[in-house]
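Before I ask anything, here is the structure I am working with.
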Amino acid sequence: MKLHRLLLAPSLGTILIFMALPIALTTLYSILSPAQYGGVIWQPSGEAYVRLLFERDIFDDTLSFNADYLQILGRSVVQAGIATILCLMIGLPTAWFIATRPPAQKSLCLMLVTVPYWVNLLVRTIALLLMLRDEGPINGALQSMGLADGPLPLAYNNFAIGLGLVSSFLPFMILPLYAAIERFDFSLLEAAYDLHASRWQAVRSVILPILRPGLIAGGLLVFIPGIGSYLAPDILGGGKTLMLGNLIGMQFQGSRNWPFGAALSTVLMSVTLIALILVARRAAREEA
Amino acid sequence: MQDHGDACRLTGLGRTYGRGTSAHHALGGIDLAIRANEFFTLLGPSGCGKTTLLRLIAGFDQPTVGEIAIFGRNVAGMPPEDRPVNTVFQHYALFPHLTVAENVGFALRMLGRPRAEIAATVARMVELVGLEGMEQRRPDQLSGGQKQRVALARALAPGPKILLLDEPLSALDAKLRQRMRSELKALQRETGITFVFVTHDQDEALAMSDRIAVMQGGRVQQLGRPEEIYEAPANRFVADFIGGANLIPARMGPEGAMAEGLGTIPATGTSGAEVTLAIRPERLAILPAGGHQPGDLGPLVVAERIYMGNELSFRLEGAAVPLHVTLPRGGLRGALDFAPGDRVALRPETGAIRVLAS
Ligand SMILES: Nc1ncnc2c1ncn2[C@@H]1O[C@H](COP(=O)(O)OP(=O)(O)O)[C@@H](O)[C@H]1O
Ligand SMILES: [Mg+2]
């Protein structure tokens, strides 16, 4: 019994130092007052949370409703949601293809999926920007083939951000789905056809429900980092369209308002946590 | 035309895996007519092509050559979901995310039948296989025998004209297997559905079937009623595989087949031809070597006495191959017993010896 606890100590310690402590600190900072050049003053204040929804008039201190930050949160959720759905639509057939290859080809395909990860995300994101630019190879090719008169606006917009999110998080969708399909018993598919299911019916009534845990895992692994992503909007969006990650980054760098940044982080964590709990609850209910 | 009495007609059917030098003929030259309403069994050792044949009939796989007609209709290119055929899979393949009732109603849901009809059919099927009260369970909450019944009810629910069963009893323990045999047979008689039953177990095949096709190496070795298969095996393989006959090499002489250490056995055939004599172990009487009569075989020496409860079995040496003789316990012959080293003779029942070419 004692040995048991001792063996748990390293992992518990790691969780405490690298997860619980930063979360506690962030939450704590969010209810303190900002110092002038970054950092915090140890003086409790709810100002950071008030700022999320209201603007304080600099002359008479009156509060007026301000939806800017809510909009950024909403945009982040929508962007991450779209990226998740796209990853799902691309990832499911890809994972299916890989899982149904002969063993030797399987490992090769899996390696190919992970190859982009040998290159730093920043480098990959900039490379994608270079591709999408007005002077980039894609626009160049489209124009030389006469498919476009002028450069198409591929970079510095929501399209570019979405593309960036999909390309950076796609493997997180493919890998759990691959694992789920790998375990899938293909005689169930034959059974479905035998029992008069059409292709689509077999997908809907047998494949998707059985792959659900993999779909949920992949979805969370894309959605959660997607909603707080920093690099894709910063570089591919040209800093024009903010997502939550950029807004938080700005508070700790340019604006030097640590409590507000901490409050935004806390809100982001809460939203994520609530989403997680809802998913887990639904899964548990369907199990029962 | 004879065709319309046949549930399933296979003509020149073959399936080859791979090509060129690595080609493997899993099935070849299969010609079979499975009659409507019969309990038809494909019997053969593992790897002889039974599953391959079922998959061709179900439509999961396409023949390399030949034709399949189901109730007179050529089904080439017809996908499995359109064939009036359902399958009980070897490992059941129950949908793990659905309850018993949902599994049984699956096919009807896919066919878009009205809810009330589905509910009624599911209730009827669940009752038919004796699973009342289990409707809301999931497959992982069922025993092997219960899963087997769900698989059966699920395949019967859409009302197939032909039911394919791939070794459905092989995963069950001996006692349950025995009971399921009778139940399956009764079910087949009640429903009148044509059963194509696959097994490697000869007892199962003999006990349940109207007709049996014995398969080996992708070919049908013999087709017939259980009695015909057992009493009159067509070749060495069938004689050995069904019931384990003594297979004795012999050469045809002027008065019959001459077998080393056994003497001459009355039989007709081309003089000088090499033949195999097939004799069932239970169709030989064993007697002390002294009272040798004409027609008796031997003398032989008891090499081993094997007690098996309801039977007593002896291994005899002295012929070209060791011979096995089985005596039932009890009754008149039950009193007889021999010990290793005893000299004995064998007296075959009339018609017990079959002469097989080569
Ligand atoms: N998909 C396949 N590819 C190559 N060979 C196969 C395939 N399926 C079956 N076989 C071969 O065909 C033969 C018959 O197999 P099968 O029909 O499964 O036998 P059974 O069901 O009688 O045990 C076996 O030798 C098997 O190895
Ligand atoms: Mg098989």
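Numbers restart at 1 for each chain; the letters A, B, ... are given by sequence-line order, proteins then strands.
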(Q) Is it the case that atom CZ in B:Arg73 sees more than 12 heavy atoms from other parts of the structure closer than 6.0 Å? (A) no
Q. CZ/B:Arg109 to OG/A:Ser205 distance, rounded to the nearest 0.5 angstrom?
A. 6.5 Å
Q. What is the minimum heavy-atom distance between B:Ala93 and A:Ser187, and which atoms define it?
A. CB-OG, 3.6 Å
(Q) For B:Glu81, is there an ion pair with A:Arg199 - N to carboxylate O distance below 4.0 angstrom? (A) no
(Q) For a quick test of reading the model, state the closest non-hydrogen atom pair linking A:Ala197 to B:Phe106 and the distance between them. (A) CB-CE2, 4.2 Å
Q | A:Leu188 CG to B:His97 NE2 distance, which is reported to the nearest 0.5 Å | A | 8.5 Å
Q | Heavy-atom proximity to chain A below 4.5 Å, by part of B:Phe89 | A | side chain
Q.
Measuring from atom CG of B:Asn103 to atom CG of A:Leu195, what distance do you get when rounded to the nearest 0.5 angstrom?
A. 8.5 Å
Q) For B:Thr87, does its backbone N or O pair with a side-chain atom of A:Asp194 as donor and acceptor, under 3.5 Å? A) yes
Q. Taking side chain as C-beta onward, heavy atoms only, is B:Pro79 less than 4.5 Å from A:Tyr193?
A. no
(Q) Please report the interatomic distance CD(A:Gln201) to CG(B:Leu111), rounded to the nearest 0.5 Å. (A) 8.0 Å
Q. Is it true that atom CE of A:Met89 has more than 12 heavy atoms of other residues, nucleotides or ligands lying nearer than 6.0 Å?
A. no
Q) By a 4.5 Å heavy-atom criterion (distance strictly below it), what part of B:Leu108 contacts chain A: side chain, backbone, both, or neither? A) neither
Q | Neighbour count >12 (heavy atoms, 6.0 Å) for atom CE, A:Met19 | A | no
**Q.** Region of A:Ala202 that comes under 4.5 Å of a non-hydrogen atom in chain B
**A.** neither
Q: Locate the shortest heavy-atom distance separating A:His196 from B:Met110; write the atom from each residue and the value.
A: O-CB, 3.6 Å
**Q.** Proximal component of B:Arg55, with respect to chain A [non-hydrogen, under 4.5 Å]
**A.** side chain
